[in-house]
Amino acid sequence: MKARTSRQWIVPHEWMVLPMRQVEWIERKGRLVWLAEVFSALGMGLYLVALIAGNWWATLIGWLLIVLFKMPLHLFYLGKPLRFWRAIPPFTKAWKTSWLARGMFFSTVFIAAGFVQLLMSYIIINGVASGAALDGVTFVNWIASILAGVFIVLTGMYAGFAMSYCKSVPFWNTDLLPLVFLLMGVADGLALLMGVGLVTHDVDIERLESISRVLLIVNALLIVVYLAHAWRRRSVAKLAARDLLVGRTALVFWIGIVALGIVVPLAISFATVFMESDIARPLIVAIVCHTIGAFALKYALLKAGIYKSVLPEAL
Amino acid sequence: MERRFMVDRKVIRTTCKSCHGGCGVLATVEDGVIVHIQGNPDSLTRGTMCSKGLSSIQHIDNPYRIHYPMKRIGEKGEGRWGRISWDEALDTIAGRMKAAIEQHGPSTIAISQGTGRGYNRYTHRLARSIGTGNIITPGYVCHSPRLGLYGLVTGYGRLYCDYHGWGGEFPKTQIMWAKQLEISSADSEMAVWFINSLEYCKNLIIIDPRASAYASRATLWIQPRPGTDCALALGMMNVIIEEELWDREFVGDWTFGFDELRERVRDFTPQKVSDLCWIPREHVIDAARMFAVDTPGCIQVGSSLERQANCGHTLRAITCLLGLTGNVERPGSMVSWVLPETGLIEDFFLELPLTEEMRSRIIGIEKYKMGAARTCNPDTMVKAINSGNAPIEVWFSVGGQQLVHMANTKEVFEAIKKVEFLVHVDLFMGPMAEAADIVLPAAHWLELDDVYDMHPRFMIEAHNKVVDPPGEAKSDAWIFNEVGRRVAPQHWFESVEDMLDYQVRKGSDGTMTWKQFSERLVSGCWGEDQVYYKYKTDYWKEGGGFPTPTGKFEFASKHLESLGYDPLPVFREPGESPNSTPELFKEYPLVLSSGFRQPFYFLGQYRNIPWLRSYMEYPMVQIHPETAAEYGVEDGDIIWIESPRGRIRQKLRAFPGIKKGVVMATANCFYPEEPARTFHGLFISNPNVLTSNNHLDPMYGSPDLTCLLCRVYRASDQDLKENVFHTEQFGTVPTVEQMAPAERMTRQAQ
Amino acid sequence: MRWGMVINLAKCMRCHACVAACRVEHFLPLHVTWAKLIAHEVDEGGVVDVSTYPVRCNHCADPPCVHACPTEASYRREDGIVMIDSDKCIGCRYCVIACPYQNRTFLSKDKDPGYFPGYAKTGFERKGRKLYPHQVGTTEKCNFCVERIDAGMAKGRRPGIDRDATPACVNTCQARALTFGDLDDPESEVSKLIRKYNGFQLRAEYGTDPSVYYIDYRIGGAPSNKAPEHARTGYNMKHASTVDRDAARRLGRSTVKGEAKQ
Ligand SMILES: Nc1nc2c(c(=O)[nH]1)N[C@H]1C(S)=C(S)[C@@H](COP(=O)(O)OP(=O)(O)OC[C@H]3O[C@@H](n4cnc5c(=O)[nH]c(N)nc54)[C@H](O)[C@@H]3O)O[C@H]1N2
Ligand SMILES: Nc1nc2c(c(=O)[nH]1)N[C@H]1C(S)=C(S)[C@@H](COP(=O)(O)OP(=O)(O)OC[C@H]3O[C@@H](n4cnc5c(=O)[nH]c(N)nc54)[C@H](O)[C@@H]3O)O[C@H]1N2
Ligand code: SF4
Ligand code: SF4
Ligand code: SF4
Ligand code: SF4
Ligand code: SF4
Ligand SMILES: [Mo]
C-alpha cells in the first residue's frame, strides 16, 4: 500500500528508534553489491574446487567470474568508479584496518596469481614447454597455485569479515559469518564444477556428488546453528532471524535458500545414487537450483542487516 | 581565486518574524544573494534562531511565490488568473471600497488579518481611517481574551511572566498552562527567555493533556480533560483558601471581592475537580500548594484555553488565582511592562478613534461585549452572510486563512464564496487567495523595511531589507499605505519611509527617524528601567492602586457586572462533552482537541518550504497507544476523525504522552501542493471541518476548537487513493504541469 | 585537545533548529541532513518519558567508519574531529554501513534534486555549489563545523566560547541544549557538565568512545531563584536598554505612565 510508506528522509519518530535495516548494500544501486557478492562466492567456489580437482577449464571460468563479474559489478557500484585505485594498496595504507582495502588487495593478488597459474598450467597441459623450462614453469605454477588458492579463499571470505565487523548489526556481528561465506561458496563451486563436468566429461561427478552431499548437510546445519545463535541473542539479531523465518524475507529464505539451495540439490543428489542411467538432467536441475540458492543466500544476508537502535534502553 | 576578492559581501542586521518571536538576525549577502543566516548575538535572543527562521532562506527564489498582482478570470476555485498592474489593482480596490461606502456605509467593508504578523496596527488603522470597525482577526481564539481580562485588573496593561530577572528574581514556580512556550515563542514571550529562567525554577508545573517537551521532566504534570481548566483553577483556589495559603498582605490591602470568591470556589473541592477533570485529586492539591507557597510564581497561559467556549471565565479564574497568591507586579511574577521610549506602537491606530457610529455597527457587538468591542465576531459574520443579508460588501484580507482557521469550515466556505468582492494579500496561493477576486503579492520579511511590534511589549524592533522581493511583490506596509491613500488620504502618508518615521517619532525625545531606528535595531525598556509594584506607585493611579473601578485588583469585576456578565468566574462544560452531551458521547466516544503547535510550522504556513516540510510531511494526530488499540487503529495509519460536522484524515501517531481517551489533531493544515479546485486541500485534514460555531463564549464569542467529541477509524485503501497521501515525488512544489493554473500563470508571467 | 559536545536531554525541545542551522551552514542538498533528532517516547507502567535525542556524528575516538574506509578518505584529526576527504572518497559506502550510529549519508544524485525539483536552482543553492561543493557519489556527515573551528581559531577565538569558532547548531539552539568544548580540558564547560550530570555516550559498549555526550536530569528544584546579572534578559547586549539612563529616570514615573494609560 503505497500511501502508507512515508517518503520522509528524516522521520524523527521512527529513525533509529525502530530497528532500521541497512539499504546501501541491497537496495536500488546496492543490488550491484549483492550480485558482486554472489559472483564472489561462485567464482571462489568454482576456482578453488577446480584447482584442487585440477580442472583447467573450470579454474578459468572461476577466474573469469571474478574478473568479469565480481570486480566490474563492484566497480560500477562505486560512487566514484574512476577513483577505484585509491582502495588498492599501495595507494592506500588502509588495509591495516579496513576489510574492504584488504579485500581489494586479496582480489588483486588473486587475479594476478590466478592469471599466472592459468597460463602456466596451460603451458604444462599443452606441452608447450619442455626440459628446464618445463621445470621452471612447473615451479611457478606451483607457487601461483598456492597463492591463487589462498587468495581466492580470502577473496571469497573478506566480505564476511567486513560484515561481521559491524557491531551495530548483530545478525552479522558473528565469527560464523565468514565461515558461512566459505562453506556455502565451496558448495556452490562443487555444483558449478559438476556443471562444467557435464560438458567436458573429465570430472568425476560421482565423487563430487558425495562430497557435495556432505557439504550440503554441513551447510544446512550451519544455517540452523547460525539462526539459533541469532535467536538466542535477544536483540535485533533475533528480529533479523524472525524476518528470515517468518517475516519479509521468509519467501527468499524458505524457497531460495532452503528449498532450492539445499533440499532440492540434496534430494537430487541422494536420488542419483540409485539412478542407473542418465543423471545429466536432474543434475542440471540441481545445479541451477543450487545457484539460485547462492543468489538467495547473499540477498537474505544483506537484507537482514538490521541495526540496533542507538538509544540506551532500546533493544 | 581572484573572484573571491571581488565578491561584494555584507552582513545585514534585521529581525525575524517567521513566528511571533522577533529574534535578532544576521543575514550575509553576497552579490545580492543571501548565503548565510544566523541569530544576532547582540540581541535579546542572544544569537539563537529556530528552524522556521533559519529556513526562511527558502522563501527567497521559492517558485511558489506570488510575483504579480492578479485578478481572477474564472470561477472561484477554478484557479485562472490574469496579471494586472499595481495601479489597476489598487484603483479597482479603492473604487470598490468607495462604492461600498457610498451605497451601504463604511461598515460593510471588512479588513481581515491572520495571527499577528507585525502589521496588526496597519489593519486597524486602515479600518478606522475608512470608518469601519469590522476587523476580522483570530484574536478571539488566540490572545485577546487574555489581554482583555488581564486588562480588567490592570487597565490597558497586559500581564506577562517576568522571567527576565530584571527585578533580581526569577519565578520560583512556573505554570505552563495549555502552552508550549518552548516551541511557540507565543504572545510576547520567547522560548529563549523562558528556558533560561528554568535554571532558577523550583517548581515547573505543566497543565496539558498531552506531553509537551518538558512534561516528563517537570515537577508536576497535570493532564486535565480538555475544556475543564476553569474547574481546575477554581479547585486550586479552593485548596489555597481552605488551607489558608493565600497572600494575606496583597489580598488584604489590594483586592476587591475576596469573600465572594471564597464563596464561589467553596464547592470546587479537590474531589469534585478530580471527577470533572479526570485527574488525581492530589494533583489539584499539590499544584495549589506549590503555587501559593513557593512564590514568586507565574502562569504562562496558552491559547488552547482561548479556543474554548468558556474561555472568558477560565481566564478570569486564572487571573484570580494570580491575585490570590499575590503573583502580580512582583519581580518574578506576572508583570505589565513599561513601554519603550517610542511609546505604545498601537498608538498608530489608537490615535484614530473608534467612533460610536463605527462601534455600533461592529458585527456581534450586541452579544459578545468583550470580544466584539474593537473587532467583529467572525462566526456571527459567517452566519449573517449565510442567512442571506449581506453585511459585507468588500473584504480586504491581508495574510490569514479564515477559510482554514475558523470553526466549521463548510459554513465559512459557503460564506466566503458569497462575498461580493474579496482581496487577498499573501506570499503564496492558498485557500483564501483562491476565493479572492484580486490577489496581491506580499514581500517576505527578508525583503522589506518595517517596524516590528509583535504584541506591544517592552520593545519594538526593525526589519531591514536584505534582498529585493520577487517580481513586483511589495511590503504589507506599502500596500496598506497605498490603499489607505486612495480611500482616506488624510490619514496616510507620502511614502512608506514617512510612515515609518511617524511611527518611531517619539523615540529619543521626539527626534528619531526611521533611518536612525533601523540602525539601532531595537528600542526597548528593559533591565533596571523596568518598574515593578506599579500599584504601589502612582503609575496607574494617583496615590497608588489598580486602574479599575474600585482601584483594587478585582476578584469580582465591576466592569463585567456592568456588562451583564457574572463578575466572578463560573465553570461551564464545553458545548460537546461527556458531561454536557452524554448521548452524543456514546456515538463519539473520544474527546477531541485540535490545538497544538509544531515547532517547524507556523499555523498554515511553511508546508511549501521543503526544509520545513521534511520534518513532518502529513498532519499528524496523536492518540494514546492503548486508546488506539481499543479503536482498532495503529501507529502510522491514515485515520478518519469524525464529528457530527464531518470527517478528516490525518496520520496517526500513537503517542504515549497523551491522555487516554483524548485525540489531538494538528490544526491549521491545508496542502499548498493540492490544486486550486480543492482550495488546496482545504477539507482533507483541517480539523475545523469538525468544529462547531454554534456554541460560543458569552464574553468573547470564541468557539470550542480544543474541546469536542469525535470518533476515529482507519481509512480504507480506497479512501487513500485520493491524491494527497501519495504524491510521487517528495518535492513539495509541483512541477509546472501539475500546478494549479493560478500558479502556472504567475510563473509564466515572469 | 579533543573537541566534543554535550547534549542536554532535559533541555532539548525538539525544535529542529540545529538541523536547520546545519543545513544553512553547509548548503546541504535537499535530502541530506547531518544533524538529526530521535524521538523517544515510552510509557512504562504510567511513567511517561518523552525525550528527544539530537544526534550527529559522534567523532568517535576509535571510529569504526575510519577503520572501515578502504581509501583513507575518512580520517581522524589530531583534535579528534573525524573527517571525510571528499576528493579521496570512492563512494563504497562501507563506512555508511559500519558507523554504528548511522550518521553517514551517501550523496546519491536523487538526494540532490535541488530544493524545488523541476525548477531553477535558488540563488542560495547556486552560491552554495561554489562555496561548499557537495560531490555526488561520495559520503558525507557532520564535521563538527570544522570550517568554523579552523577559521575561528586562526583568529584567536575559542571553540565553545566564542561564537565564530563554535558549531552552528550549538550557536542557534534556543534551549542551550548543546555545549561544545575540549574534552581533554577538565575545566572546560563540557567536562564540567559531564562530571556534574554523569554524562553518558550512546552505545558505549561498542567501544567507539564517542566525543558526544548526553546528560539528563529533572527540571526544577533550583536552590535559588535569585537572578545573577549574567542570566538576565538582554545582559549580552552592548546597550543594556535603549532608554538612556537619565531619560529613564524622568520617564519612569511621568511620561511612561501617560503613555501607558490609553
Ligand atoms: N482548530 C483550530 N483552529 C485554529 C487554531 C487551533 O489551534 N485549532 N488556532 C487559531 C489561532 S490561535 C490562530 S492565530 C489562527 C491562525 O490562523 P491564521 O493566522 O489565519 O494563520 P494561517 O492560516 O497560517 O494564515 C496565514 C496566512 O498568512 C500569510 N502570511 C504570512 N505572513 C505574511 C505576511 O507577512 N504578509 C502577508 N500579507 N501574508 C502573510 C501566509 O502565507 C498564510 O497564507 O487559527 C485559529 N484556528
Ligand atoms: N512554532 C510555532 N509557534 C507558534 C505558532 C505555530 O503555529 N508554530 N502559532 C502561534 C500562535 S497564532 C499562537 S496562538 C501560539 C499558541 O501557542 P501556545 O499558546 O503555546 O499553544 P498551543 O501549542 O497551540 O497549545 C498548547 C498546548 O495546549 C494543549 N491543550 C490542548 N487542549 C487543551 C486543554 O483543553 N487544556 C489544556 N490545559 N491544554 C490543552 C496542547 O496539548 C498543547 O500542548 O503560538 C504561536 N507560536
Ligand atoms: S523563534 Fe520565531 S522569530 Fe525566532 S527565529 Fe524562530 S521564527 Fe524567527
Ligand atoms: S536546536 Fe536545541 S532544542 Fe532544538 S532540537 Fe536542536 S538541540 Fe534540541
Ligand atoms: S559516529 Fe559514526 S561516522 Fe561518526 S566517528 Fe563515529 S563511527 Fe564515524
Ligand atoms: S564511502 Fe568514502 S569515506 Fe566511506 S568508506 Fe568508502 S571511500 Fe571511505
Ligand atoms: S556540528 Fe556543525 S556540522 Fe555538525 S551537526 Fe552541528 S552544525 Fe552540523
Ligand atoms: Mo494564534
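The structure displayed is predicted, hence computed values, not measured ones. Here is the naming used below: chain letters follow the sequence lines, and residue numbers restart at 1 for every chain.
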For C/Arg232 and B/Ser197, which I'm curious about, is there any donor-acceptor pair between the side chains at under 3.5 Å?
no
Select, from B/Ala215, B/Ser216, B/Ser185, the one with the greatest count of heavy-atom pairs under 4.5 Å involving chain C.
B/Ser216
Side-chain donor-acceptor pair present, C/Arg163, B/Gln38, cut-off under 3.5 Å:
yes
Students often mix this up, so state it plainly: with edges at 30° and 60°, are the rings of B/Trp611 and C/Phe124 parallel, tilted or perpendicular?
perpendicular
What part of B/Tyr163 gets within 4.5 angstrom of chain C, counting heavy atoms only: side chain, backbone, both, or neither?
backbone
Find the one option among B/Gly168, B/Gly167, B/Gly507, B/Cys50 whose heavy-atom pairs under 4.5 Å with chain C are most numerous.
B/Gly168
Answer with side chain, backbone, both or neither: which region of C/Leu9 has an atom nearer than 4.5 Å to a non-hydrogen atom of chain B?
both
Carefully, step by step, assess C/Arg176 and B/Val192 under the rule side-chain contact (heavy atoms from CB on, under 4.5 Å).
CA-CA 8 Å; C/Arg176 288 276 175 263; B/Val192 201; over 6 Å; no
C/Ala10 versus B/Tyr214, closest heavy-atom pair with distance:
O-CE2, 3.3 Å
Among B/Leu204, B/Ile57, B/Val467, B/Ile183, single out the residue with the greatest number of heavy-atom pairs under 4.5 Å to chain C.
B/Ile57
Please determine whether side-chain contact (heavy atoms from CB on, under 4.5 Å) holds for the pair B/Phe655 and C/Val50, giving the CA-CA distance in whole Å, both sets of side-chain angles, and the decisive distance to 0.1 Å.
CA-CA 9 Å; B/Phe655 181 54; C/Val50 172; 4.0 Å; yes
Indicate yes or no: does B/Asp61 engage C/Lys121 in a salt bridge with an N to O separation below 4.0 Å.
no
Under 3.5 Å, is there a donor-acceptor pair linking the side chains of B/Arg217 and C/Ser51?
yes
Do C/Asn171 side-chain atoms and B/Thr48 backbone N/O form a donor-acceptor pair below 3.5 Å?
no
Measure distances from B/Trp337 to the heavy atoms of chain C and classify the residue's part below 4.5 Å as side chain, backbone, both or neither.
neither
Looking only at side chains, do B/His164 and C/Thr233 share a donor and an acceptor under 3.5 Å apart?
yes
Between the CG atom in B/Asp42 and the CG atom in C/Asn236, the distance rounded to the nearest 0.5 Å is 7.0 Å
The interface call for B/Ile34 against chain C, heavy-atom contacts under 4.5 Å, is backbone
Identify the heavy atoms of B/Phe170 and C/Lys226 that sit nearest to each other, and give their distance.
CD1-O, 4.3 Å
B/Asp31 side chain near C/Lys127 side chain, heavy-atom distance below 4.5 Å:
yes
If I compare all heavy atoms of C/His16 with all of B/Tyr615, which pair ends up nearest, and what's the gap?
CD2-CD2, 3.0 Å
So how far is it from B/Ile37 CD1 to C/Thr172 OG1, rounded to the nearest 0.5 Å?
9.5 Å
Of all of C/Cys173, C/Gly128, C/Ala175, which one pairs up most often with chain B through heavy atoms under 4.5 Å apart?
C/Ala175
Would you check, one step at a time, whether the test side-chain contact (heavy atoms from CB on, under 4.5 Å) holds for C/Met237 with B/Leu44?
CA-CA 7 Å; C/Met237 296 186 67; B/Leu44 280 103; 3.5 Å; yes
Picking from C/Ala222, C/Cys18, C/Pro228, which has the most non-hydrogen pairs under 4.5 angstrom with chain B?
C/Ala222
Can you tell which part of C/Thr52 gets under 4.5 Å to a heavy atom of chain B, answering side chain, backbone, both or neither?
neither
Closest contact, heavy atoms only, B/Pro656 versus C/Asp43:
CB-CB, 3.4 Å
Nearest 0.5 Å, please: how far is OH in C/Tyr235 from CH2 in B/Trp526?
14.0 Å
Verify, without hydrogens or angle tests, whether C/Arg218 (side chain) and B/Ala218 (backbone) share a donor-acceptor contact under 3.5 angstrom.
yes
Of B/Ser614, B/Ser55, B/Ser51, which meets side chain to side chain contact (heavy atoms under 4.5 Å, CB included) against C/Arg23?
B/Ser614
Which atoms of B/Ile60 are under 4.5 Å from chain C, going by heavy atoms: the side chain, the backbone, both sets, or neither?
backbone
Working to the nearest 0.5 angstrom, can you tell me the gap between C/Gln174 CD and B/Met190 CE?
5.5 Å
Is the shortest heavy-atom distance from the side chain of C/Phe116 to the side chain of B/Pro610 under 4.5 Å?
yes
Looking at B/Gly332, B/Gly165, B/Ala213, B/Pro599, which has the largest count of heavy-atom pairs under 4.5 Å with chain C?
B/Gly165
The interface call for C/Tyr132 against chain B, heavy-atom contacts under 4.5 Å, is neither
To the closest 0.5 Å, what do you measure between CD (B/Glu169) and CG (C/Asn225)?
5.0 Å
Got a salt bridge between C/Glu41 and B/Arg653, using NZ or NE/NH1/NH2 to carboxylate O under 4.0 Å?
yes
Let's go through B/Val35 and C/Leu131 carefully: what are the C-alpha distance in whole Å and the side-chain angles of both, what is the deciding distance for side-chain contact (heavy atoms from CB on, under 4.5 Å) to 0.1 Å, and is it a yes or a no?
CA-CA 9 Å; B/Val35 294; C/Leu131 297 172; 4.1 Å; yes
Sort out for me which of B/Glu626, B/Gln530, B/Glu199 touches chain C most, counting heavy-atom pairs under 4.5 Å.
B/Glu199
Which residue out of C/Cys12, C/Gly114, C/Gly123, C/Ala21 racks up the most heavy-atom pairs below 4.5 Å with chain B?
C/Gly123
Greatest number of non-hydrogen atom pairs under 4.5 angstrom with chain B, of C/Glu125, C/Glu25, C/Glu229, falls to C/Glu25
